[in-house]
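First the structure, in the form of structure tokens, and then the observations on it.
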Amino acid sequence: MSSPFQSRIRAALLTAIVLVIGAVIWWETARHPASTSAMITAAAPRADEPAQTLSEAPARTIEPAAPVDEMRVARVTVAGKTQVLAANVRGEFQRLTVPASATISASVPFAGAEPGEVIPVQAEDGGQLQGLAAQGMVIVDSDHKVALDYQVSADDGLHRVTLRRGGESRVLEFWVGAEPAVLVRK
């Protein structure tokens, strides 16, 4: 059972919701009048007119892809295939799944580094850098990038390569084996 007061409250809330939805629709149509009028006035094809073929269709312009910021991407080559990996704000690149014991060549940017500068590099989870131990040094080239070769171990799991320059770091992440299921915390 509901009292007359509760009925009035429900009616007022419903009215307010309808008004808010109407205001949002009005706002959007006021901001984009050309697109909404085109949607409203577009006529459906008539049944007595022949359908357009692909060659008769009006030409569409294709937007070019956004340029790649070379100082935010690493180029990683595994088994002859090169992939471009984007870095997040912390300098961590997208994780890449690779075969066990794969040899990886990478070009990693350091925009603030001077050509000839030496940057320490470390294989955090095993593997070999430049065919040697799990840590070493790389030299910044004239394009403000460093090149390195890394061989992941045969063990399944995460394999990280970290380059540090002062407080700045770059982390390449490689995964060997099947990816684990995603954990959802409640």
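Heavy atoms only: backbone and side chains are in, while hydrogens, waters and symmetry mates are out. The chain is numbered in sequence order, starting from 1.
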Taking the side chain from R164 and the backbone from P120, do they hold a donor-acceptor pair closer than 3.5 Å? no
Side-chain contact, heavy-atom cut-off 4.5 Å: L158 with R95? yes
Side-chain donor or acceptor of Q94 paired with backbone N/O of A86 under 3.5 Å: yes
Do V161 and F174 have side chains that approach each other closer than 4.5 Å (heavy atoms only, starting at C-beta)? yes
So which atom in G126 and which in Y150 form the shortest heavy-atom distance, rounded to 0.1 Å? O-OH, 2.7 Å
Are the side chain of Q151 and the backbone N or O of S101 linked by a donor-acceptor pair below 3.5 Å? yes
If you round to the nearest 0.5 Å, how far is OG1 of T82 from CZ of R75? 8.5 Å
Going by side chain to side chain contact (heavy atoms under 4.5 Å, CB included), V98 matches just one of T103, V76, V152. Which one? V152
Separation between OG1 of T162 and CD of E92, rounded to the nearest 0.5 Å: 9.0 Å
Could you tell me whether the side chain of Q135 and the main chain of V121 form a donor-acceptor pair under 3.5 Å? no
If you look at every heavy atom in V140 and A113, which pair is closest and at what distance? CG2-CB, 3.7 Å
What distance separates E173 CD from D125 CG, expressed to the nearest 0.5 Å? 9.0 Å
Picking from R170, H144, K145, what satisfies side chain to side chain contact (heavy atoms under 4.5 Å, CB included) with F110? R170
Checking side chain to side chain contact (heavy atoms under 4.5 Å, CB included) against V146, which of D141, L163, V118, I139 comes through? L163
Shortest non-hydrogen separation from A74 to F93 and the atoms involved: N-CE2, 3.4 Å
Flag yes if L85 and V73 sit in one hydrophobic cluster, no otherwise; membership is Ile, Leu, Val, Met, Phe, Trp, Tyr, and two members link when side-chain heavy atoms are under 4.5 Å apart. no
Backbone N or O of G112 within a donor-acceptor pair of the R165 side chain at under 3.5 Å? yes
V108, L129: one ILVMFWY side-chain cluster at the under-4.5 Å cut-off? yes
Student check: side-chain heavy atoms of V78 and P99 closer than 4.5 Å: yes
If you look at every heavy atom in S153 and V176, which pair is closest and at what distance? O-CG2, 4.3 Å
Between CG on residue L172 and CG on residue L148, distance to nearest 0.5 Å: 6.5 Å
Report yes or no: does R72 contribute a side-chain atom to a donor-acceptor pair with the main-chain N or O of A87 at less than 3.5 Å? yes
Is the number of heavy atoms from other residues, nucleotides or ligands under 6.0 Å of I9 CD1 greater than 12? yes
